[in-house]
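Shown next, in structure tokens, is the structure this report addresses.
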2 protein chains.
Amino acid sequence: MERRRRTEGRILDAARALFAEVGFERATIRAIAKAAEVDPALVMQYFGSKQELFQQAVRVTPVAGPDMGAEELVEQVLGALNLKMGELPQSTLAMMRSMLTHPEAAASARQTLSRQIDRLAESIPGEDARLRAALITTIMLGVTIGHQLLDLDELREVPQDEIARVLRPGLRALTGPDVS
Amino acid sequence: MERRRRTEGRILDAARALFAEVGFERATIRAIAKAAEVDPALVMQYFGSKQELFQQAVRVTPVAGPDMGAEELVEQVLGALNLKMGELPQSTLAMMRSMLTHPEAAASARQTLSRQIDRLAESIPGEDARLRAALITTIMLGVTIGHQLLDLDELREVPQDEIARVLRPGLRALTGPDVS
DNA sequence: GTCTATAGGAAGATAGAC
DNA sequence: GTCTATCTTCCTATAGAC
């Protein structure tokens, strides 16, 4: 019982890492099992199918965030770039890596992004709050993809706080209603 | 000879459409051949391998663009969002769809984005021009992914010129050196 | 030149031995 | 509970008939 939980944990860690690295299709059960040092059949035994394993692996506890002022908002979003310390959670990277080519991951991504947009929109004044929130969200998505998934040199070379500094005014312009 | 060229064209069109819709892995030679109304073996005969077919299909003539002032720059970038008329070229969408999960497409995307960054950087004053150019490029990447590949409702519902209007001040803040 | 048939391989999933 | 062996399916790629 205890042993099983630890084994499941190892499998999920290995799955997250592989899904994040190569996406759903190319991450094989066999490779995941090997990385977790278990038998491939055990993975099926525990999770039923590759699809269910993926769902378990990318399941994210949606970070609850109360509404806040526009300036804190920008800082929170910039912090979430998580160029900050270390990396984004593997589960998030796994979902992002697969979201353009795996229908299930796409649905999951849409849901997560929509939640994020809703959350941001609450803190943005003006009638086009949802559009602004959507643009802020997709902007962070694009920067994150460029930095974490495509490894663009132009972004990797630069320290995180400089990226945040350059990006800040642009995001400010999107949070305020007084700039149209 | 003439007939072959037309057949190749049909295959390439079908390939672009399918690669753009489902990505490299899920777009099978069989399905492409069926869409182009040819025999699957003919596709192999003409292009040698699926990989070579993909390369031919996403090959883009890099739009030559001379350097320009900062304001025109923003307008050109916004226009390229191509929320404008119709859609982005299928070849571009095909590359974007596959770039996170297919190594070859990733390399191609990095190259295209780097060229774009170089082009933009030439028109941006200040010493952090390349960083600013990279952020502008990834911002447009993110918005395009959200709009064209993830079909986010929050962006699809909105007319293109309103997106451009809301996005403009933020991009302006990135082109000018006077906002750090 | 075009298509039929099939080789050859890899994947997910399953049944049953240990 | 865990692993071995296999089934089934789907793919790319090739060889050869028409």
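Quick note on labels: first sequence line is chain A, next is B, and so on, each numbered from 1.
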By salt bridge (Lys or Arg N to Asp or Glu O under 4.0 Å), which residues pair with B/R16, not counting sequence neighbours?
B/D13

In chain order, what residues pass the salt bridge (Lys or Arg N to Asp or Glu O under 4.0 Å) check against B/D153, with sequence neighbours excluded?
none

Can you tell me which residue pairs pass the side-chain hydrogen bond (donor to acceptor under 3.5 Å, both in side chains) test with a partner in residues 103-112 of chain A, sequence neighbours excluded?
A/Q55-A/E104

List the atom pairs, with distances to 0.1 Å, where a side-chain N or O of residues 136-146 of chain B and a protein N or O form a donor-acceptor pair under 3.5 Å, not counting sequence neighbours.
residue, atom, partner, partner atom, Å
B/T137, OG1, B/A133, O, 2.8
B/T138, OG1, B/A134, O, 2.9
B/T138, OG1, B/L135, O, 3.1
B/T144, OG1, B/M140, O, 2.6

Kindly say if B/R4 contacts the phosphate of C/dT2, meaning a side-chain N or O under 4.0 Å from OP1 or OP2.
no

Whether A/Y46 contacts D/dG1 is assessed here as follows: a side-chain N or O lying under 4.0 Å from the phosphate OP1 or OP2. Is that the case?
no

Do the non-hydrogen side-chain atoms of A/R4 and A/Y46 ever get within less than 4.5 Å of each other?
yes

What does nucleotides 13-18 of chain C look like as a protein-contact string, B for base, S for sugar-phosphate only, - for none, at under 4.0 angstrom between heavy atoms?
SB----

Rounded to whole Å, please give me the gap between [atom1] in [X] and [atom2] in [N].
X      : N      : atom1 : atom2 : result
B/L42  : D/dA13 : CG    : C1'   : 14 Å
A/E37  : D/dT2  : CD    : P     : 15 Å
A/H102 : C/dA11 : NE2   : P     : 17 Å
B/E8   : C/dG1  : CD    : C1'   : 13 Å
B/L18  : D/dC11 : CG    : C1'   : 15 Å
A/R10  : D/dT2  : CZ    : P     : 10 Å
B/D39  : D/dA15 : CG    : P     : 17 Å
A/K34  : C/dG12 : NZ    : C1'   : 18 Å

Strictly below 4.0 Å, N to O, side chains only: are A/E157 and B/R130 in salt-bridge contact?
no

B/S114: which residues meet the side-chain hydrogen bond (donor to acceptor under 3.5 Å, both in side chains) condition with it, sequence neighbours left out?
A/E154

Sorted by position of nearest nucleotide on DNA chain C, 5' first, the leading residue of A/A27 and B/T7 is B/T7

Nearest to the side chain of A/R3, heavy atoms from C-beta on, is which of C/dG12, C/dT2, D/dT2?
D/dT2

